[in-house]
Visitor: 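Got a structure for you, questions after.
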Amino acid sequence: MNYWLFKTDTEDYTIDDLKQDKKTPWTGVRNYQARNFMRDHMKKGDFVLFYHSGGTTPGIAGLAKIASASYPDPTQFDKKSKYFDEKATKEKPRWVLVDIAYAKKFKNFISISVMRNKRELQDMWALRIGNRLSITPVTKEEFEIIQLLANSQ
DNA sequence: GCCAACGTTGGC
DNA sequence: GCCAACGTTGGC
């Protein structure tokens, strides 16, 4: 069992969108490291912390689950998509994605400032200076702290 | 809107 | 294979 944090710009997609969709293919990841996490390390059933960026308050809004193994991202072949990649072929796809499924919206939204103030979360990959990866691993310990913060009064 | 940090590109 | 230039991300 692995744990992940997925970032999404709230202008594009939010936890409420995922709640409505129930499940969505996580298209558009165009970073090799993030791709490799999906391709090599994600398993159906892994937990995903759903992180909102770009909005007024960045932070973790809810929980999702990996709902598929990785497979080629169809948008890389779509000339009309902004994620189109002319160097990708169906025989040799360059980019993959996974499906994620809605699990729940957290009772407490966990803002980045709350996370930064929590000693146990100091080393979280997603909080490191200059980190721009949209998909990062989360340790079991970090995940459990987040659960506590999400459910505390 | 600013800007630091970073990944990618492309010339050499 | 180096590295400057560029574009983008994302917190503030």
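Every chain is numbered from 1 and lettered A, B, ... according to where its sequence line falls, protein lines coming before strand lines.
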Visitor: Expressed as a whole number of angstroms, how long is the span from A/Lys82:NZ to C/dG7:C1'?
Guide: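 That distance rounds to 14 Å.
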Visitor: Compare all side-chain heavy atoms of A/Lys65 with those of A/Ile100 and state whether any distance is below 4.5 angstrom.
Guide: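 A/Lys65 vs A/Ile100: side chains apart.
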Visitor: Are OP1 or OP2 of C/dT9 and a side-chain N or O of A/Lys7 less than 4.0 angstrom apart?
Guide: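 Negative; the distance criterion is not met.
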Visitor: Strictly below 4.0 Å: does A/Tyr51 bring a side-chain N or O up to OP1 or OP2 of C/dG11?
Guide: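 Yes.
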Visitor: Contacts to DNA chain B from residues 30-39 of chain A, heavy-atom cutoff under 4.0 Å, which residues?
Guide: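 Output list: A/Asn31, A/Tyr32.
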Visitor: Separation of A/Trp95 atom CH2 from B/dT8 atom C1', in whole Å?
Guide: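 That distance rounds to 10 Å.
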Visitor: Please check this pair: side chain of A/Asn108 against backbone of A/Ile110, looking for a donor-acceptor N/O pair closer than 3.5 Å.
Guide: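 Side chain of A/Asn108 to backbone of A/Ile110: no pair is present.
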Visitor: Once you round it to whole Å, what is the distance between C1' of B/dA5 and CD1 of A/Ile129?
Guide: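 Rounding to the nearest Å, CD1 of A/Ile129 and C1' of B/dA5 are 10 Å apart.
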Visitor: Quick test of your reading: applying ring pair (Phe, Tyr, Trp, His ring centres under 6.0 Å), list the pairs with at least one residue in residues 47-77 of chain A, sequence neighbours left out, ordered by first then second residue.
Guide: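 Counting only pairs at least two positions apart or across chains, the ring pair (Phe, Tyr, Trp, His ring centres under 6.0 Å) contacts touching residues 47-77 of chain A are A/Trp26-A/Phe50, A/Phe47-A/Phe143, A/Phe50-A/His52.
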Visitor: Rounded to whole Å, please give me the gap between CZ in A/Arg116 and C1' in C/dG11.
Guide: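 Result: 8 Å.
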Visitor: How long is the line joining CD1 of A/Ile60 and P of C/dG10, in whole Å?
Guide: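 So the two atoms are 14 Å apart, to the nearest Å.
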Visitor: Taking A/Asp16 first and then A/Lys105, would you say they form a salt bridge - that is, a charged N and a carboxylate O separated by under 4.0 Å?
Guide: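 A/Lys105 and A/Asp16: salt-bridged.
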Visitor: Report yes if the side chains of A/Phe106 and A/Gln147 come closer than 4.5 Å at any heavy-atom pair, otherwise no.
Guide: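 Yes, side chains in contact.
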Visitor: Expressed in angstrom and rounded to an integer, what is the separation of A/Arg128 atom CZ from C/dG10 atom P?
Guide: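 Rounded to the whole Å, the gap is 16 Å.
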Visitor: Specify the closest pair of heavy atoms between A/Thr57 and A/Phe109, including all atoms of both residues, with the distance to one decimal.
Guide: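 For A/Thr57 versus A/Phe109, the nearest heavy atoms are O-CZ, 3.3 Å.
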Visitor: Nearest-Å distance, CD (A/Glu11) to C1' (C/dT9)?
Guide: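 That distance rounds to 13 Å.
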Visitor: When you match A/Asn131 and A/Arg94 each to their closest nucleotide on DNA chain B, which lands nearer the 5' end?
Guide: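 It is A/Asn131, whose closest nucleotide lies nearer the 5' terminus.
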